[in-house]
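For reference, the structure discussed in these notes is given below.
Residue numbers start at 1 and run along the sequence shown.
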Amino acid sequence: MLSIALSELIQIFRNRLVLLTSFVIPIAPCAFFIYRHEIFAELGSLGYIAAVVMFTVAAFGLYTTTVTTLASRRQNLFLKRLRSTPASDAAILGGLMLPVTVLAIVQVVAILTVLAAVTGTPDSLPLLAAAVVSTVAMMLALGLATAGLTNSPEHAQVTTLPVSLGAIGVSTWVGISGTEELTQLKRLLPGGSATELVLNAWNGGVPVVESLPLLLPTAAWVVVAVVLASRMFRWEPRR
């Protein structure tokens, strides 16, 4: 798996378009949110800023890159060739996804660290870490599921829009309006409970024990996405 991951990492750094669209462009809106943090804190809260920048990176830096990468590797028959090696299916997918996952986590940690340096540290770092890990797992699983519906890297520009824009939209909605109204709906939507978890972790005021159940909806989406991926994922192009 590590040899596959290293090869994939080299390919990422050689592909300037992937670096630009998946890892550089998401930084621009995040930098703007941090630069104008006082305005956005009045609109929502500092926790809202943290949640939005987290989902911006997770949606574009992780989810979209996952779908595009798998579609590309399927199209050029690289997935098919890998399956002819002794590596298991899980090792192949793990190796391909490990670099983008690590890069996305590094981005999120770096951006949230800058936000904390500018505005002050969050109330609960362990709770914030749980929110980040669960969000990364959800977006990665959704990426695997969406890859099964994506025929080519160009097609990924269309198939990734509903989830990527939807997750950021849900995060913005929950971050600004809270969960006092339509509580269950907001928590069940992809990204809703994770956003509330970030709000509680950054802003404080909610006991950790009461926040932990918010991990369940995100975990449920991971399970649903993995089940869908196991049924829809293809290793070879459609003929």
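In the hydrophobic cluster analysis, where Ile, Leu, Val, Met, Phe, Trp and Tyr join through side-chain heavy atoms closer than 4.5 angstrom, Val67 is grouped together with Trp235. Under the 4.5 Å side-chain heavy-atom criterion for Ile, Leu, Val, Met, Phe, Trp and Tyr, Ile34 and Ile27 are members of distinct hydrophobic clusters. Under a hydrophobic-cluster definition in which Ile, Leu, Val, Met, Phe, Trp and Tyr are linked whenever side-chain heavy atoms come within less than 4.5 Å, directly or via other members, Met54 and Leu215 are assigned to different clusters. Residues Leu216 and Leu212 fall into different hydrophobic clusters, defined by Ile, Leu, Val, Met, Phe, Trp and Tyr side chains chained together at heavy-atom separations under 4.5 Å. Residues Val133 and Leu142 fall into different hydrophobic clusters, defined by Ile, Leu, Val, Met, Phe, Trp and Tyr side chains chained together at heavy-atom separations under 4.5 Å.
Residues that satisfy the side-chain hydrogen bond (donor to acceptor under 3.5 Å, both in side chains) test with Tyr48, not counting sequence neighbours, are absent from this structure.
No more than 12 heavy atoms of other residues, nucleotides or ligands shown are found within 6.0 angstrom of CZ on Arg231.
Scanning both residues, Ala194 and Ala131, for their nearest heavy atoms gives O-CB, 4.3 Å. Taking every heavy atom of both residues into account, Thr160 and Tyr63 meet most closely at O-CE2, 3.4 Å. The shortest non-hydrogen separation linking Phe55 to Gly191 is CZ-CA, 3.4 Å. The nearest pair of heavy atoms linking Ser45 to Leu199 is OG-CD2, 3.7 Å. Nearest heavy-atom pair, Trp173 versus Leu182, reported as atom, atom and distance to 0.1 Å: CZ2-CD1, 3.8 Å. What you find for Gly61 and Thr65 is that their closest heavy atoms are O-OG1, 3.0 Å.
Counting heavy atoms from C-beta outward, Val52 and Thr172 have side chains that approach closer than 4.5 Å. Between Cys30 and Val57, the closest side-chain pair of non-hydrogen atoms falls below 4.5 Å. Side-chain atoms of Ile92 and Arg83, non-hydrogen and from C-beta on, do get closer than 4.5 Å to each other. Residues Phe32 and Phe40 have side chains in contact (heavy-atom distance under 4.5 Å, counting atoms from C-beta outward).
Under a 3.5 Å cut-off, the side chain of Thr66 and the backbone N or O of Leu62 do form a donor-acceptor pair. The closest donor-acceptor contact from the side chain of Thr64 to the backbone of Ser164 lies at 3.5 Å or more, if one exists at all. Under the 3.5 Å distance criterion, the side-chain polar atoms of Arg74 are left unmatched by any main-chain donor or acceptor of Asn151. At least one donor-acceptor pair closer than 3.5 Å links the side chain of Asn203 to the backbone N or O of Gly47. In this structure, Ser72 contributes its side chain and Thr69 its backbone to no donor-acceptor pair below 3.5 Å.
When only modelled atom types and interatomic distance are considered, Thr218 and Ser193 share a side-chain donor-acceptor pair under 3.5 Å. Checking Thr159 against Thr146 by side-chain atom types alone, no donor-acceptor pair falls below 3.5 Å.
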Show every donor-acceptor pair shorter than 3.5 Å between a side-chain atom in residues 97-118 and any protein atom, with sequence neighbours excluded, or say none if there are none.
| from | atom 1 | to | atom 2 | distance (Å) |
| --- | --- | --- | --- | --- |
| Thr101 | OG1 | Met97 | O | 2.7 |
| Gln107 | NE2 | Phe23 | O | 2.7 |
| Thr113 | OG1 | Val109 | O | 2.6 |

Inset, instruction - Before giving the answer on side chain to side chain contact (heavy atoms under 4.5 Å, CB included), spell out for Leu189 and Trp221 the whole-Å C-alpha distance, their side-chain angles and the decisive distance to 0.1 Å. - result: CA-CA 9 Å; Leu189 289 173; Trp221 276 108; 6.0 Å; no
Inset, instruction - Take Arg187 and Glu196 through the salt bridge (charged side-chain N to carboxylate O under 4.0 Å, His left out) test and state the conclusion after the steps. - result: CA-CA 8 Å; Arg187 289 177 176 175; Glu196 187 178 358; 2.8 Å; yes
Inset, instruction - Test Ser177 against Lys186 for side chain to side chain donor-acceptor pair (under 3.5 Å), laying out the working first. - result: CA-CA 10 Å; Ser177 65; Lys186 291 178 178 178; 2.8 Å; yes
